[in-house]
Every structure is written in structure tokens, then in C-alpha cells.
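Proteins get letters first, then strands, A, B, ... in listed order; numbering begins at 1 in each. Predicted, not measured: the structure shown is a model, and the values here were computed from it.
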There are 2 protein chains.
Amino acid sequence: MIKKGLEDNFENIRKIFTEYLEKHAHRKTPERYTILKEIFATEGHFDIETLYIRMKNHKYRVSRATLYNTIELLLDCELVTKHQFGTNYAQFEKSMMFKQHDHFIFNETGEVIEFYDPRIEEIRSQVENLFNVDVTHYSLTFYGNGRPKK
Amino acid sequence: MIKKGLEDNFENIRKIFTEYLEKHAHRKTPERYTILKEIFATEGHFDIETLYIRMKNHKYRVSRATLYNTIELLLDCELVTKHQFGTNYAQFEKSMMFKQHDHFIFNETGEVIEFYDPRIEEIRSQVENLFNVDVTHYSLTFYGNGRPKK
DNA sequence: TTAGATGCAAACGGTTTGCAGGGAA
DNA sequence: TTCCCTGCAAACCGTTTGCATCTAA
């Protein structure tokens with residue numbers, strides 16, 4: 001039953017993507033839907049190379065160029081979010097429509113914890129008012145170490 | 001008088017760097033001090049290539065490799081801060097010991113505004129307590145557009 | 001039928017590395 | 001004198017681009 005719910009949810013995602021492609025007169029190629037499916041089939045963050053390897057392992061014929069192109073579309077229709085956690089390569093994650101969140105990164109391992117604190121919205125408004133700007137997006141990331149168990 | 005004050009301040013910076021080099025048994029080469037001086041002589045953010053060009057223009061013989069090496073030392077002794085504003089190249093700025101701040105970036109131009117909102121410290125404590133971690137550093141950046149003048 | 005999309009491989013650009021020569025300690 | 005540091009150039013690696021081929025519309 002829960003699984004059914006998740007599938008329904010993905011159907012919804014597909015629909016959003018389809019509408020986006022149609023609206024912008026982009027072709028609905030099988031590759032694009034396969035990549036969308038692959039991304040939404042796994043949890044957590046990923047980079048392009050990892051996604052590429054994973055799809056190769058699943059015996060899909062896909063090129064890095066197409067991955068980069070398709071990610072661009074998915075970013076544009078906001079189904080995927082891009083992060084640059086202080087490295088010089090990009091990491092991505094599927095957007096969780098409702099669940100806005102920020103990140104804590106362990107210095108040693110790169111492990112990611114997600115959290116949400118509503119006070120960030122207050123800071124955001126403050127910035128918008130102070131500088132007379134519209135904030136389109138933002139990035140808040142804490143870096144640090146775990147405390148000794150003890 | 002104010003200028004004098006700034007010079008004194010830079011003397012202090014030099015001292016910090018010297019102490020750091022001595023403590024870690026790194027050599028006090030002229031290149032390292034020249035780079036330090038060049039960085040503290042200019043305002044705002046910079047990337048390695050810009051710094052390289054600027055030093056070439058000032059007729060310094062310096063290699064990119066040394067710039068990268070020295071920046072690494074300056075980061076380590078916290079005289080310089082590193083940013084990755086959503087691009088795949090790093091930007092840096094001299095640390096302002098006392099003036100903690102975050103950034104707003106204009107989507108179109110990349111122009112940077114600095115600001116400070118103390119509420120970020122509350123979020124930081126919250127994260128530390130919630131996940132039982134120590135935050136060593138963080139990054140908060142808003143991206144957006146200026147509002148039409150009216 | 002045809003313009004947009006794909007796969008492949010080469011190009012690109014910021015960063016890193018290897019190495020011979022130079023200079024701080 | 002030692003061996004860390006420097007400049008130079010090549011290597012590296014994530015990303016972008018060019019192009020022949022393919023295919024959604």
C-alpha cells in the first residue's frame with residue numbers, strides 16, 4: 001500500500017516533467033524519462049559520474065552529455081536541486097516539493113545530514129527588505145565534526 | 001593617520017602568518033609574503049587566476065602552483081576564507097577577524113553583497129545540539145535579483 | 001521530412017602533480 | 001649542505017562542445 005503511494009507519487013513527478021517538456025517544446029525522449037526514473041529510484045545525493053556508472057550497471061546506454069543535458073532540464077523545472085558543497089564538482093538531489101531543508105556536512109567523511117530551521121526564512125526576508133532584492137534561492141551549509149561519544 | 005592604522009593592522013597580519021609558518025616549520029620565503037601582501041592590498045573577492053594576472057601585472061615572478069600552495073597555508077591559518085558560490089571554481093577573500101558575514105549574489109552579474117544577521121548563530125547552536133556535532137565553519141549564501149527601481 | 005536529441009570523443013578550464021633547479025635554514 | 005619551495009609544463013578531472021547519426025513529432 002505504501003509502495004503504491006510512492007508509485008503514484010512518481011507518476012505525478014513524470015507528469016510534471018511531461019508538462020514541462022511540452023510547454024517548452026522539448027522532445028519526450030525515452031532517455032529523459034529513464035534518467036528521471038533512475039534519479040527518483042535512489043535516495044540521497046549523487047553526482048553525475050555516480051549516476052552515469054549506476055545507469056551503465058543497469059545496462060542503460062547513456063552518455064554523460066545526455067546526463068548533463070537532462071539534469072539541466074530537471075533543474076529548470078525544479079524536480080532536481082543542485083549543490084556545490086565546497087568541492088569543485090556538483091552534487092544533486094531530487095527535490096522534495098514540500099520538505100525544504102539545509103545541510104550539515106561531516107568534515108571527515110562528507111556524510112550529509114539534512115535539517116530545517118524556520119529562522120532562515122526570517123533572515124531571507126530581512127535580506128530582501130534590506131537590499132531591495134528578490135531571493136530566488138539560497139544555500140545554507142554547516143560543516144563540522146561529530147562529538148566524541150563518551 | 002587612518003592609513004597608518006591600516007599599515008599597523010597589516011603588520012599584525014604579517015606577524016600572524018610568520019608565527020604560523022614558524023610553528024609548522026614552513027619556510028619564510030619572499031614569495032609567500034608577497035602573495036600575502038597582494039591579497040591584503042585589494043578589496044573584495046578574488047579567484048586564483050585574477051590574483052595571478054594581477055601579480056604578473058605588478059611584475060612579480062610567480063607561478064600558479066605557488067599561489068595554490070600559499071593560499072592553502074593562508075586558509076590553514078585562517079587569514080583567508082574560501083568560497084564556492086555555486087560555480088566550479090573557488091573564490092577567496094581575506095578574513096576580517098572581527099567581521100563575520102554572509103553573502104548575497106546577484107544572479108545576473110555575480111556581484112556580491114555582504115551582510116550579517118545574528119540569527120544564524122542561533123541556528124548554528126541548534127544544529128550543534130540537535131546532532132551532537134561541533135560546527136567548524138558554515139556557508140550561507142542567498143542568490144537573487146534586484147527589484148525594478150519602481 | 002526535419003529540427004532537436006543522442007553518443008562519442010575531443011576540447012576546455014580550474015586545479016594538481018612531477019620534476020629540475022634554486023634558496024632558506 | 002640539505003631538502004623544502006619555486007616555476008614551468010604536463011597531467012588530471014569534471015564539464016562543455018562539435019559532429020555524425022538517430023528519432024520524436
Figure out the [atom1]/[atom2] separation between [X] and [N], and round it to whole Å.
X: B/L21; N: C/dA24; atom1: CG; atom2: P; answer: 13 Å
X: A/E72; N: D/dT17; atom1: CD; atom2: P; answer: 11 Å
X: A/L73; N: C/dG4; atom1: CG; atom2: P; answer: 14 Å
X: B/H83; N: C/dG14; atom1: NE2; atom2: C1'; answer: 18 Å
X: B/R64; N: D/dC5; atom1: CZ; atom2: C1'; answer: 18 Å
X: B/E31; N: C/dG23; atom1: CD; atom2: P; answer: 9 Å
X: B/L51; N: C/dG14; atom1: CG; atom2: P; answer: 14 Å
X: B/M55; N: D/dC8; atom1: CE; atom2: P; answer: 13 Å

> What nucleic acid atoms does A/Y68 come within less than 4.0 Å of, heavy atoms only: base, sugar-phosphate, or nothing?
Replying inline: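 Since a base atom lies under 4.0 Å of A/Y68, the category is base.
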>> Using a 4.0 Å heavy-atom cut-off, does B/A25 contact any base of the nucleic acid, only the sugar-phosphate backbone, or nothing at all?
In response: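 Touches nothing.
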> More than 12 non-hydrogen atoms from neighbouring residues, nucleotides or ligands closer than 6.0 Å to NZ on B/K37, yes or no?
Replying inline: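 Atom NZ in B/K37 is not crowded, with 12 or fewer foreign heavy atoms closer than 6.0 Å.
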>> Within a 6.0 Å radius of atom CD on B/E108, are there more than 12 heavy atoms belonging to other residues, nucleotides or ligands?
In response: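 Enclosed: over 12 neighbouring heavy atoms sit under 6.0 Å from CD of B/E108.
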>> As a test of reading the structure: which of D/dC5, C/dG14, C/dA24 is closest to the side chain of B/H26, going by heavy atoms?
In response: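 Given the options D/dC5, C/dG14, C/dA24, the side chain of B/H26 is closest to D/dC5.
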>> Judged by each residue's nearest nucleotide on DNA chain C, which is more toward the 5′ side, B/D47 or A/S63?
In response: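 Of the two residues, A/S63 wins.
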>> On DNA chain C, does the nearest nucleotide to B/K28 precede the nearest nucleotide to B/Q91 from the 5' side, or the other way round? Give the residue.
In response: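 Its nearest nucleotide being more 5', the pick is B/Q91.
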Taking atom types as they are modelled, is there a donor-acceptor pair under 3.5 Å from the base of [N] to the side chain of [X]?
X: A/R61; N: C/dC8; answer: no
X: A/R32; N: C/dA5; answer: no
X: B/R27; N: D/dC5; answer: no

> For B/N88 and B/A65, take the nucleotide of DNA chain D holding the closest heavy atom to each; which residue's nucleotide lies nearer the 5' end?
Replying inline: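 In this pair, the answer is B/A65.
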Counting N and O atoms only, with roles assigned by atom type, does the side chain of [X] sit under 3.5 Å from a partner on the main chain of [Y], one being a donor and the other an acceptor?
X: B/Q84; Y: A/T87; value: yes
X: A/T136; Y: B/Y143; value: yes
X: B/R32; Y: B/R27; value: yes

> Is the shortest side-chain N/O distance from A/T29 to OP1 or OP2 of C/dT6 below 4.0 Å?
Replying inline: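 Yes, such a contact exists.
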